[in-house]
K.L.:
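Pasting in a structure now, in structure tokens, and then I'll have a few things to ask.
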Amino acid sequence: MPDTNISNSMTIDPALPDMQLALQGLQNSLHAMQTEIARQTIALEQLQASRRQLLESQVARLLPDFSGDTLDALVLACPGFVDDMVRATFRENRKIVGLFARPGAATALTTLKIRLAFFLDTQKGTDLRNVDDEIASANEERHQLEKLRYETQAAIKTLEKYQASGQAVPAEVQAYIHQLAERARQIAARQVGGPADNSSTEYDNSSYDSYNSNAAFPWLYFSQDISHNFNHEPASSPQVHEEARHQHDASPAPANCAVDTPNTSNSADPLACRTDDSLGAYS
């Protein structure tokens, strides 16, 4: 059942100007990414818990006690694990006449299980490798989504700066804003059940129909190509540059540098106070 709160919060008016539509689309995308990252984090924790349980079950199956049968099976399953120390531990902790546990046997069994778990973890059998592959894939997916979230946040701040400053938006940025707005209109049309015009955008939303019960999904990768299309920052205000220049000109010369005069002796060190002033450090 779709979440009505998400659906309402992500509904947009396709008649809005491109800039506002692009901003709303990016904000919807950011919200969808944050929700998906949280979901992926929970899924990753579950995978890691499953891995621990798998390792624990393997250890419990391979090392239930200090019996001779257990040692023989352990030699067959993990020959690289059974060394002289392991054999000695089995000898020292076998039940007395097969019935009575020796003092300290429980602690020795726990210690040996920890060592076996480490061995199995480093050997990585088929089951563990499969789980590790799932974990690595989930980690990479979450990493890419985190990266996209960061880039989307930066883009939102930049567009808001353009709006606040009233500066002219560069042509290439304006073109991408229009592209985002068209994507937003496309998603809005699908959400209300109308036909979407796919002719004006290269946005890949082909999976929408499989997730049409989730209002957040179409926005998830709304900004998927943002790193290739959006790396501009509004230029600083000319007034700020002018004020900085005046402050630079008004700065007094350092006390250890002589003021240039037309009659300076030729014997003076020609390198005196000749410094790189490109950063204004010695102005």
K.L.:
Applying salt bridge (Lys or Arg N to Asp or Glu O under 4.0 Å), which residue pairs with at least one partner in residues 43-64 are found, sequence neighbours left out?
P.N.:
Arg51-Asp121, Arg51-Asp132

K.L.:
Knowing that exactly one of Gln144, Glu151, His143 qualifies, which makes a side chain to side chain donor-acceptor pair (under 3.5 Å) with Lys147?
P.N.:
Glu151

K.L.:
Can you tell me how far apart CG (Leu47) and CD1 (Ile42) are? Round to the nearest 0.5 Å.
P.N.:
12.5 Å

K.L.:
Phe119: what forms a ring-ring contact (aromatic ring centres under 6.0 Å, His included) with it, not counting sequence neighbours?
P.N.:
Phe81

K.L.:
Which of these passes side chain to side chain donor-acceptor pair (under 3.5 Å) with Glu182: Arg185, Gln186, Gln179?
P.N.:
Arg185

K.L.:
How about Leu180 and Leu21: do any of their side-chain heavy atoms sit closer than 4.5 Å?
P.N.:
no

K.L.:
I need the minimum non-hydrogen distance between Cys78 and Leu120, along with the two atoms involved.
P.N.:
SG-CD2, 3.9 Å

K.L.:
I need the Leu55 CG to Asp127 CG distance, nearest 0.5 Å.
P.N.:
11.0 Å

K.L.:
Under 4.0 Å between a side-chain nitrogen and a carboxylate oxygen: does that hold for Glu36 and Arg39?
P.N.:
yes

K.L.:
Apply side-chain contact (heavy atoms from CB on, under 4.5 Å) to the pair Ile177 and Val169, showing each step before the final yes or no.
P.N.:
CA-CA 10 Å; Ile177 289 172; Val169 180; 4.0 Å; yes

K.L.:
With a 3.5 Å distance limit and no angle check, can you tell me whether Ser50 reaches the backbone of Gln46 through a side-chain donor-acceptor pair?
P.N.:
yes

K.L.:
Taking Gly68's backbone N and O only, do any of them form a donor-acceptor pair with Arg94's side chain (distance below 3.5 Å, no angle check)?
P.N.:
no

K.L.:
Output the distance between atom CG (Leu220) and atom OG1 (Thr35), rounded to the nearest 0.5 Å.
P.N.:
9.0 Å

K.L.:
Atom OG1 of Thr110 and atom CG of Leu63: how far apart are they, to the nearest 0.5 Å?
P.N.:
9.5 Å

K.L.:
Quick check: is Phe118 connected to Val131 through a chain of hydrophobic side chains (ILVMFWY, heavy atoms under 4.5 Å apart)?
P.N.:
no

K.L.:
Any donor and acceptor pair, going by atom type alone, linking the side chain of Ser137 with main-chain N or O of Glu134 inside 3.5 Å?
P.N.:
no

K.L.:
Hey, does Pro170 have a side-chain heavy atom less than 4.5 Å from the side chain of Tyr176?
P.N.:
no

K.L.:
Kindly indicate whether the side chain of Ile12, heavy atoms from C-beta on, has any atom under 4.5 Å from the side chain of Trp219.
P.N.:
yes

K.L.:
What I want to check is whether the side chains of Asp69 and Ser67 have a donor and an acceptor closer together than 3.5 Å.
P.N.:
no

K.L.:
With respect to Gln40, which candidate in Arg142, Glu146, Glu141 satisfies the side chain to side chain donor-acceptor pair (under 3.5 Å) definition?
P.N.:
Glu141

K.L.:
Compare every heavy atom of Gln163 with every heavy atom of Met19, then report the nearest pair and how far apart it is.
P.N.:
CG-NE2, 3.6 Å

K.L.:
Tell me if a side-chain donor or acceptor on Thr111 pairs with a main-chain N or O of Thr107 at a distance below 3.5 Å.
P.N.:
yes

K.L.:
So do Phe90 and Val82 actually touch side chain to side chain, heavy atoms under 4.5 Å?
P.N.:
no

K.L.:
Taking C-beta and beyond as the side chain, do Phe222 and Asn28 meet within less than 4.5 Å on heavy atoms?
P.N.:
no

K.L.:
If you round to the nearest 0.5 Å, how far is CG of Leu74 from CZ of Arg87?
P.N.:
9.5 Å

K.L.:
Using the salt bridge (charged side-chain N to carboxylate O under 4.0 Å, His left out) rule, take Arg115 and Asp83 through it: C-alpha gap first, then chi angles, then the decisive distance, then the call.
P.N.:
CA-CA 12 Å; Arg115 184 179 171 191; Asp83 56 15; 2.5 Å; yes

K.L.:
To the nearest 0.5 Å, what is the distance between NZ on Lys157 and OH on Tyr162?
P.N.:
16.0 Å

K.L.:
Under a 4.5 Å cut-off applied to non-hydrogen side-chain atoms, are Leu26 and Leu30 in contact?
P.N.:
no

K.L.:
So, Thr152 and Ser223: side-chain donor and acceptor under 3.5 Å apart, yes or no?
P.N.:
yes

K.L.:
Are any side-chain N or O atoms of Thr70 and backbone N or O atoms of Phe66, one a donor and one an acceptor, separated by less than 3.5 Å?
P.N.:
no

K.L.:
May I ask whether Ile135 and Leu145 are part of the same hydrophobic cluster, defined by side-chain heavy atoms of I, L, V, M, F, W, Y residues being less than 4.5 angstrom apart, directly or through others?
P.N.:
no

K.L.:
Could you tell me whether the side chain of Leu128 reaches within less than 4.5 Å of the side chain of Gln123, counting heavy atoms only?
P.N.:
no

